[in-house]
Peer 1: 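Following this message is one structure expressed as structure tokens.
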Amino acid sequence: MRGFRAGFRLQLSFFRNYPDMLIPLLTAPLFTIIFSMVLRHGGRSDLSGYAVIAPFYMSLWWFAIFNGGWVIQTERWEGTIDYLVAAPTGFASVIVGRISTMMFAGAFAFVEVWLFGRYVLHATVTIHHPYVFGASLLLTLFAMTTTSLFMANLFVLSRSAVTFSNSASYPIYLLGGILVPIALLPGWLQPVTNIVFLSWSARLLRGSLGATPIANAGFDLAMVFVLGLAALILASALLTRILRRAQQTGELALR
Amino acid sequence: MSRVAPAVTAVDLVRTFQPRKQPLVTALDAVNLSVDQGEVHGLLGPNGAGKTTLVKILTTVLLPTSGRAEICGHDVVRDAKAVRPMIGIVFGGERGLYTRLTARQNLEYWASLYRLPGSQIKPRAAGLLERVGLAEKADARVETYSRGMKQRLHLARGLIAGAKVLFLDEPTAGMDPLAAREFRNLITEIRSEGTTILLATHDMVEAEVLCDRVTLIDRGRILATESPRSLGRLVSRFQRIDVDGADRELLDRVAALPGVESIAPGTEGHRIHVDGDEHVSIVLKVIVEGGVVGVRTSRPSLEEVYVGLIGDRGLQV
Amino acid sequence: MTTLRIMRYALLSGAYDYGSIYTWRSWLGGWFLRVLAQVSFFALIGRLLGAEQQTWFLLVGNAVMLAAMEGVWALNMVSWERSAGTLPLLAASPTSPVLVLASRGVYLIADGSISALGALFVLGPLFGLPLPWPRVLLVIPLTILVGASAYCLGTFLGGIVLGYRGVNSLVANVGLVAVMTLCGINVPLAAYPGPIAWISQCLPVTHGLIAVRDVLSGNLAAAGVQALIEAAVAVCWLGICLLTFRWFVYRGRRSGSLEYAT
């Protein structure tokens, strides 16, 4: 628990000292403007809620990769990882603590785009189904955090981490149906969207903004949870493997 | 012979590495080491000797391939959890610090990882920053620090939890002489508080000045473990007396004395090799009575021992 | 002649660095896939709106945007030099740093144009966008022009960033999305409020993109005019860049920020 708290607080200090962390907060309003303009120009201002939801996911993904995914690798580059392994508190709890700050960052990102959409762009973003909305948001933040943890481990083991970081964003946005519902994707892609928890989450959040009742909300919520949990299980398995290999081969300290 | 367990023991420690597509590298080859409580023990050897590998194993960062090591009686492999709170590590160098954070933030973070009670974290960090002379720049980002300042911050971090055993790996590398001397004073202070210190270095002066005993290591093997003064005996069992301005007649008289092994011209005078401490005083008496004023006695320096035992490899690794 | 030789070496060293990040396979399987996804992501909004014209508008805009995107990343070139520690050396050398830095990143224009054209010619048919042959070939030089134009802006931004530490990724990303927002990529200029439209006209990409759209719709004369305006805009940004760079380096040397790694 101490390690978790120490890691959490450390990451919050990073938020203050690394301007890069601001990137999603600055680009999200711009994306909101872009999507809004397109929808308005196309005569569908009623869909303005979509313009608010999508940038939230984009910010969330950014945090997942850069606030979370690269955490272990940057420890290696900074040279702090040996010290971390030798410290009394568990390595894992510190890393989990650091990545869990994402939940706050994500919540903040949502509040930001919602307020921007509501008061600057006058988008229709009234939350008609507050309970479903609340549960969806929480589960989404949970799943994104565990996915980020999984990526943190993956980036250590895989040599394609940089390529993935640069290239996975838009494909994930597409498969997650964060702006355009997945129903509009070609048929052969539909099965793939089922394992991307964003697709279930986006449907729920968009649904919460609409007046009509949401069909299968329970099932969708369960899917988000299950996929998030799967990421967590994979992450733990990988982490123990990484630590063991590190102490045996001494490779972890090399850049 | 104390009944207290040694602070550090290593028994037949072996560590090999298998890099990809290259032959097996033996970094440590059956290393045996014992460091007493409260001792300052030097680990002296050239780059690549295995010093860092040994320190990493003793600090639970790396697992040995075979053999055993203990810190204060706890096995570093099986009982790592008990070892970790007891040790402080100073790897030194440019890396190992969160450069965008301040020194204070760095220290407070590590303090919490070492399970310091919440109320103690801030005062302890502040106290250590004061002690290592960083109090004024405590709230500046580490990336603005000079090399010497970073080294001192590393030391502060090593001391954060009041370690029983402190491991220092080349702590003054890259420091200017003044900074290095201040650093050594700090080490002496720490030592007087009863902390056991294992100092890995390739700096002879440092080893000679700070250490109670020095272990010479090269290519993964221990060559010798002695006090710095007695290490000289490994190269030559002779005592040396350097004299300036002795005339031929005096030198002939000295040569005839018991225990005098040889007399050779030195850089400024002559160097007399005497076998055995008991003969030195007689030789000295004769020399001084002969009117010679410039006299120096010495043993082979650690540098000569080093070069003599490890060999003059020049720039080769 | 020496100048040309320096530029050639700089170009090759930049390309070589880039080659160490991507192989053919990772470029196609990673980068190009992302690029296709990016354009599709926006184009599909047209499908959501049920308007084919808009789908095509978005597709063309976001494809050409890819050339601009890599151009804006020129600002990273400057910062990479700094973090590699070579910027002070460059500033001290007799050659103008702009020349070398500009040449190092020229492969970005090439890469961006290839990405843009690749996206257009792969996704165009998939979305049913008419690509009338042979005039569609005019899109190629226009795209390169857009890339070069954005590149001038990118280098200028790189100079600004020299005075500060740690902000180059921030400026690059925000700059990029700002271009996406302001340059008529997703909506026509007519949809912007008056003053914003004026700003758009002064930015790179805007006119080049209109030229591309004109080519595709058959209005070649208008395309020519827009292309010339785009070229003029590019030259202006390059001029601003050359004029200000010396001052940026001077400021960096004075504040000491030339030396710090990002």
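As the structure is a computational prediction, the values presented were derived from the model and not from experiment. By convention in this document, chain letters (A, B, ...) are assigned in the order of the sequence lines, proteins followed by strands, and residues within each chain are numbered from 1.
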Peer 1: Side-chain donor-acceptor pair under 3.5 Å between Gln73(A) and Arg76(A), yes or no?
Peer 2: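 A pair is found: one side chain offers a donor N or O, the other an acceptor, under 3.5 Å apart.
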Peer 1: Sorted by first residue and then second, give each salt bridge (charged side-chain N to carboxylate O under 4.0 Å, His left out) pair with at least one member in residues 94-113 of chain A; sequence neighbours left out.
Peer 2: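 Residue pairs passing salt bridge (charged side-chain N to carboxylate O under 4.0 Å, His left out), neighbours aside: Glu75(A)-Arg98(A).
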Peer 1: Using a cut-off of under 4.5 Å on heavy-atom pairs, state which of Thr60(B), Leu113(B), Leu62(B) scores highest against chain A.
Peer 2: Leu113(B)
Peer 1: Identify which of Leu101(B), Thr65(B), Ile89(B), Leu97(B) forms the greatest number of heavy-atom pairs closer than 4.5 Å to chain A.
Peer 2: Leu101(B)
Peer 1: Name the region of Thr53(B), side chain, backbone, both or neither, that has any atom closer than 4.5 Å to a heavy atom of chain A.
Peer 2: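 Neither; nothing under 4.5 Å.
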Peer 1: State which residue, out of Phe63(A), Phe110(A), Phe8(A), fulfils the ring-ring contact (aromatic ring centres under 6.0 Å, His included) condition with Phe104(A).
Peer 2: Phe8(A)
Peer 1: Based on non-hydrogen pairs under 4.5 Å, which of Gly90(A), Ser13(A), Ser93(A) is most in contact with chain B?
Peer 2: Ser13(A)
Peer 1: Pick one of side chain, backbone, both or neither for Val90(B), based on which atoms fall under 4.5 Å of a heavy atom in chain A.
Peer 2: backbone
Peer 1: If you count heavy-atom pairs within less than 4.5 Å of chain A, which of Tyr114(B), Phe17(B), Tyr98(B) leads?
Peer 2: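 Heavy-atom pair counts peak at Tyr98(B).
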Peer 1: Thinking salt bridges, do Arg147(B) and Glu94(B) make one under a 4.0 Å N-O criterion?
Peer 2: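 Yes.
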Peer 1: Pick one of side chain, backbone, both or neither for Ile160(B), based on which atoms fall under 4.5 Å of a heavy atom in chain A.
Peer 2: neither
Peer 1: For Phe225(A) and Phe142(A): C-alpha separation, side-chain torsions, deciding distance, then whether ring-ring contact (aromatic ring centres under 6.0 Å, His included) applies.
Peer 2: CA-CA 8 Å; Phe225(A) 177 70; Phe142(A) 163 72; 5.8 Å; yes
Peer 1: Which word best sums up how the rings of Phe66(A) and Trp62(A) line up, parallel for under 30°, tilted for 30 to 60°, or perpendicular for over 60°?
Peer 2: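 Answer is tilted, since the angle falls between 30° and 60°.
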Peer 1: For Tyr57(A) and Thr140(A), test the side chains for any donor-to-acceptor distance below 3.5 angstrom and give the result as yes or no.
Peer 2: no
Peer 1: Check Lys56(B) with Asp82(A), please: is the shortest side-chain N to carboxylate O separation under 4.0 Å?
Peer 2: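 Salt bridge flag = yes for Lys56(B) with Asp82(A).
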Peer 1: Got a donor-acceptor contact below 3.5 angstrom from the Glu189(B) side chain to the Glu193(B) backbone?
Peer 2: no
Peer 1: Using non-hydrogen atoms and a limit below 4.5 Å, what part of residues 105-112 of chain B faces chain A?
Peer 2: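 Residues Gln105(B), Tyr109(B), Trp110(B), Ser112(B) are the ones that qualify, each having a heavy atom under 4.5 Å from chain A.
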